[in-house]
Structures are given as structure tokens and as C-alpha cells.
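Reckoned from all heavy atoms, side chains included, excluding hydrogens, waters and symmetry mates. As the structure lists them, so they are numbered: ligands from 1, and atoms in each ligand from 1.
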Amino acid sequence: MINRRKFIKGAFFTTGALWAASRVKGASISGANPQLPLVISTWAPNVKANAAAWEILSKGGKALDAVEKGVMVPEADPEDTSVGYGGLPDRDGRVTLDACIMDEQGNCGSVMCLEHIMHPISVARQVMEKTPHVVLVGDGALQFALANGFKKENLLTANAEKIWKEWLKESKYDPMDTIKHMKTKRGAGTKDNHDTIGMLAIDKSGNISGACTTSGMAFKMHGRVGDSPIIGAGLYVDNEVGAATATGVGEEVIRICGAHTVVEAMRYGKSPKEACKLAVERMNKLRKNKLEDKQIGFIAVSITGEIGAYALREGFTYTYRLGDGVDVIKSADFLI
Ligand code: ASP
């Protein structure tokens, strides 16, 4: 059990923290935390996903339902080339999807390298709810999805196929991270075009859940899996402390168990932003000069409703809605 009071003390700057302190101390002040419900997602375009999550949260629905429904928005969006339908394929032209979900009780489910299913997040949820396992991969994940009523679909859009065929001309094995992705034709002139989504939500009851879903790095080796579907790397949730999720070059996030590192830093007193910064700094120290051209970003939320983010370099955005229902889009602070 953490020293909850110490943790709260470090976060006394928000109304949400004051509310949580009263809750923890068992004071008679009742009523809702004014920060809640809340939802926060990686990348500015995911403001649309937040709206879908908000539909559920604002009606008193569960955070788990909210994050699932929220991330289904970019999964189904053919214009979104980094998640679900329309996602850029691997170097063999196959769209392989990764997703995971985690709730306030530590229940979690994940699918990796799943093909032909538009909503990997919902398959991940069913892995969590209907099996004794946490992870299903590849053909096994597909078989499970089909047995549970999911439809087999072609996820390679004409646009994604065109971009892949362009890449094939050189076939240079150099899977695109966020920064390179921004320099593609599609990304030219904008910093906000990348939207692999990690979403965290706290519902009115104060319960927290998270979801993360991606098509991974464009033109990766077939079978490559990044951080996004790995519990503790791309996503981690702890109802006593808070939650965190990551985006960017998954290999770097996995190396430091990114999301779990952020949550543990919050457990021992860091604010969400400080905790995200600590993870980025650790990664940078570990990898010395090897992070050139790479981007990694974390977002985090404490169970008190305080939010924060931090990235390796400029260009990482995130978006949230708190209890007042207003959308906020922000650029994260960065290290280098
Ligand atoms: N983290 C994802 C991966 O490495 C990609 C991303 O967030 O851009 O697969």
C-alpha cells in the first residue's frame, strides 16, 4: 500500500487533489471531484476520440467503456494512417494491428499482430473478459476474434496501399517513426498528423481505465510488435495512483517499461508531468546518442485528476476534457 497522504501532498495544486485528499482522509465533504469525469489522449487529432469517450463519461458511464468506445473512432477512420482501418501496412503490405486495454481492478487484455479486424481494442477487451489470458497474438488472436463474432475485413485502403507501393520502389528497411512520418507527403506542413492513440479516463465514480491501439510503425518487418499492446510499456493503470500511456518509437518505450515507470514515479510522489519527464530522461540517458530522429511521448493522469505529459522532442501534442466538458489541445514540454 502506498503512502497515500504523501502522494496527495505532492499534488495539492488542483481542485481535484483537494477533493481526493478529503476523500482519502474520510472527511465528510461529499460531492464530485470537479475535475471528473476526465479523458486524455495522445495527439491532437484524437479530440474526436475524446468526444466519443465523453458521451459515455458525461452520462455517468464507466471509464472502461469510455476508453474502448473512444479509441474505436480512429480505429475506424480510413484517413488515419497510424491506427486500425487505413493504417499503413508492414513491409509485406499487411496491416497488422496492436491494442491493449486495462481497467481499475488490474484486469487487462491485449492483441498483437492482429490482421483483418477493424477494432482490435474490442478484441483485446474480450481477451480480458472471456479468457484466462492477457495476450493473444497473430492467427490465434484472429481465430478468437472470428469465434466471437468479429467480421473479417480488408483494412488496407487504397491510400495506404499507394503509400506502401511508393515505399516499395526503394524498399529501404527503415520503419517510420513519428518524425519521419511527419515528413511524408501526408504529413507535410503539419505537426499534428500522427494519432496512434493512448487514452486514459476517470469516470464519475473515480475509477480509471486506459486503452492503446495502433497499426505500429509503417513498413515494419512482418510480426514486429511495438510498445502499444504491451501492458506496462504502452499502457499502465493503477487505481491507487493513476495511469500512463505512450506513443512514439515502441522499441525505446519497451526498453524502460515506459508506462509502468511513469505510474511508479507518481506512486512515489512525482506529479504526472514530472513522472513523464523522468521516464523520458531515463530513456535518453540509457540510449545516449541513439535517439536522433526519434520521438517518444508520454501522457499521464493521477487518480486525483491531475494530468501531465512530456516528450523527447518538440511536436508531441495531447488533448483532454475535464469535468467542464471543454476540449483542450496542448503541445507537450520536451527534453531535447
Ligand atoms: N508506439 C507505436 C509503435 O511503436 C507507434 C506510435 O505510437 O507511433 O508501434
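Residues Met266 and Tyr318 share a single hydrophobic cluster, defined by chaining ILVMFWY side chains whose heavy atoms lie under 4.5 Å apart.
Heavy-atom proximity to Gly216, at under 4.0 Å, picks out these atoms of ligand 1: 9 (O). Under a 4.0 Å criterion applied to the non-hydrogen atoms of Thr247, ligand 1 contributes the atoms 6 (C), 7 (O), 8 (O). Residue Ser228 approaches ligand 1 through these ligand atoms, each under 4.0 Å from one of its heavy atoms: 1 (N), 2 (C). Counting atoms of ligand 1 from 1 in the listed order, those under 4.0 Å from a heavy atom of Asp227 are 1 (N), 2 (C), 3 (C), 4 (O).
If you look at Arg224 next to ligand 1, the close heavy atoms, those under 4.0 Å, all belong to the side chain.
Ligand 1 has no nitrogen or oxygen under 3.5 angstrom from a nitrogen or oxygen of Gly226.
Between Phe219 and Trp167, the ring planes lie parallel to each other; the angle is under 30°, not in the 30° to 60° tilted range.
In this structure, Tyr85 OH and Met118 CE are separated by 6.0 Å, a value rounded to the nearest 0.5 Å.
In summary, Glu251 and Arg224 engage in a salt bridge, as defined by a charged side-chain N under 4.0 Å from a carboxylate O.
Counting only N and O atoms by type, the side chains of Thr319 and Asn46 include no donor and acceptor under 3.5 Å apart.
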